[in-house]
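In this chain, numbering begins with 1 at the start of the sequence shown. The shown structure was predicted, so the numbers you read here are calculated from the model rather than taken from an experiment.
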Amino acid sequence: MKQLFIFILFLPLLGCGNIIKNKQTSIDFNCPRVFFSSDDRIYIDNSISLDDITIKAEFNNYATNKKCQLQENLAVIPLDILIVAKPMNNLEESFITLPVYISLLDDNDEILETQYFSVSGIMNKNTETNIFMESDITDRLRIVTQQLETTQLVLGFMLDKEKKNLLN
């Protein structure tokens, strides 16, 4: 009976040995400063003229609600973003997808890396008029990089030349 008691007592310690050895450590660090691109802050859908635009979206705000962490040789930066989307014409689909990029910069404003994301959301609809209205689209982007010298993030929408020409 005594041997069984000792075996039961040490069994959890022997079984968890691998878990303790493989546990990854993470270190919190100050998150990089965040900026919105002045050229790519506004998004319009695939239109050929200003009259055809159905959605206009704009970066509104950001937050770092979770701590940035270093895990081995990787920096993990969680970034919550807020985009305000406005229907411009007869919008048929409530689900929208917005292409976003984040450029990682160092202290000298040199681009270290650019990552691309797709932010999705649902446009709100007025129940009385059955017309889409301005909506807040929120998402948490998780930036994982080996560029540990990142001190700044620049957010923007991915726009082609035609869209940029329409906005200017």
Would you find more than 12 non-hydrogen atoms of other residues, nucleotides or ligands less than 6.0 Å from [X] atom [atom1]?
| X | atom1 | result |
| --- | --- | --- |
| R140 | CZ | yes |
| D28 | CG | yes |
| I111 | CD1 | no |
| N126 | CG | yes |

Side chain proximity check, [X] to [Y], heavy atoms < 4.5 angstrom:
| X | Y | answer |
| --- | --- | --- |
| V34 | L79 | yes |
| F59 | L82 | no |
| C68 | P32 | yes |
| L153 | I143 | yes |
| I27 | Q69 | no |

* Asked: Taking atom types as modelled, is there a side-chain donor on T151 or D106 under 3.5 Å from an acceptor on the other?
  ->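 Side-chain D/A pair, T151 to D106: absent.
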* Just by distance, with hydrogens left out, do S118 and T97 show a side-chain donor and acceptor under 3.5 Å apart? ->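 Distance-only check fails for S118 and T97.
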* Write down the atom of F117, the atom of I102, and the distance for their closest heavy-atom approach. =>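 Looking at all heavy atoms of both residues, the closest pair is CE1-CD1, 3.7 Å.
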How long is the straight-line distance from [atom2] of [Y] back to [atom1] of [X], given to the nearest 0.5 Å?
| X | Y | atom1 | atom2 | answer |
| --- | --- | --- | --- | --- |
| N108 | E110 | CG | CD | 6.5 Å |
| T54 | K86 | OG1 | NZ | 14.5 Å |
| F29 | L70 | CZ | CG | 5.0 Å |
| L159 | Y101 | CG | OH | 8.0 Å |
| M88 | K56 | CE | NZ | 5.5 Å |

* Shared hydrophobic cluster, F157 / M123 (ILVMFWY, side-chain heavy atoms < 4.5 Å) ->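 Hydrophobic grouping puts F157 with M123.
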* Asked: With no hydrogens and no angle check, is any side-chain donor or acceptor of Q115 less than 3.5 Å from a backbone partner on V144?
  ->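 Looks like yes, one N/O pair under 3.5 Å.
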* Check: K66 main-chain N/O paired with T64 side-chain donor or acceptor under 3.5 Å ->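 No; judged by distance alone, with no hydrogens or angles, the pair does not exist.
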* **Counterpart residues, side chain to side chain contact (heavy atoms under 4.5 Å, CB included), relative to K125 (two or more places apart)** =>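 K125: side chain to side chain contact (heavy atoms under 4.5 Å, CB included) contacts with N130, F132.
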* Residues that E58 engages under side chain to side chain contact (heavy atoms under 4.5 Å, CB included), provided they are two or more places apart ->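 Residues passing side chain to side chain contact (heavy atoms under 4.5 Å, CB included) with E58: R41, I42.
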* Check against side chain to side chain contact (heavy atoms under 4.5 Å, CB included), V154 and L105 -> CA-CA 8 Å; V154 178; L105 284 71; 3.8 Å; yes
* May I have the step-by-step check of side chain to side chain contact (heavy atoms under 4.5 Å, CB included) for I81 and T138, ending in yes or no? => CA-CA 6 Å; I81 60 170; T138 59; over 6 Å; no
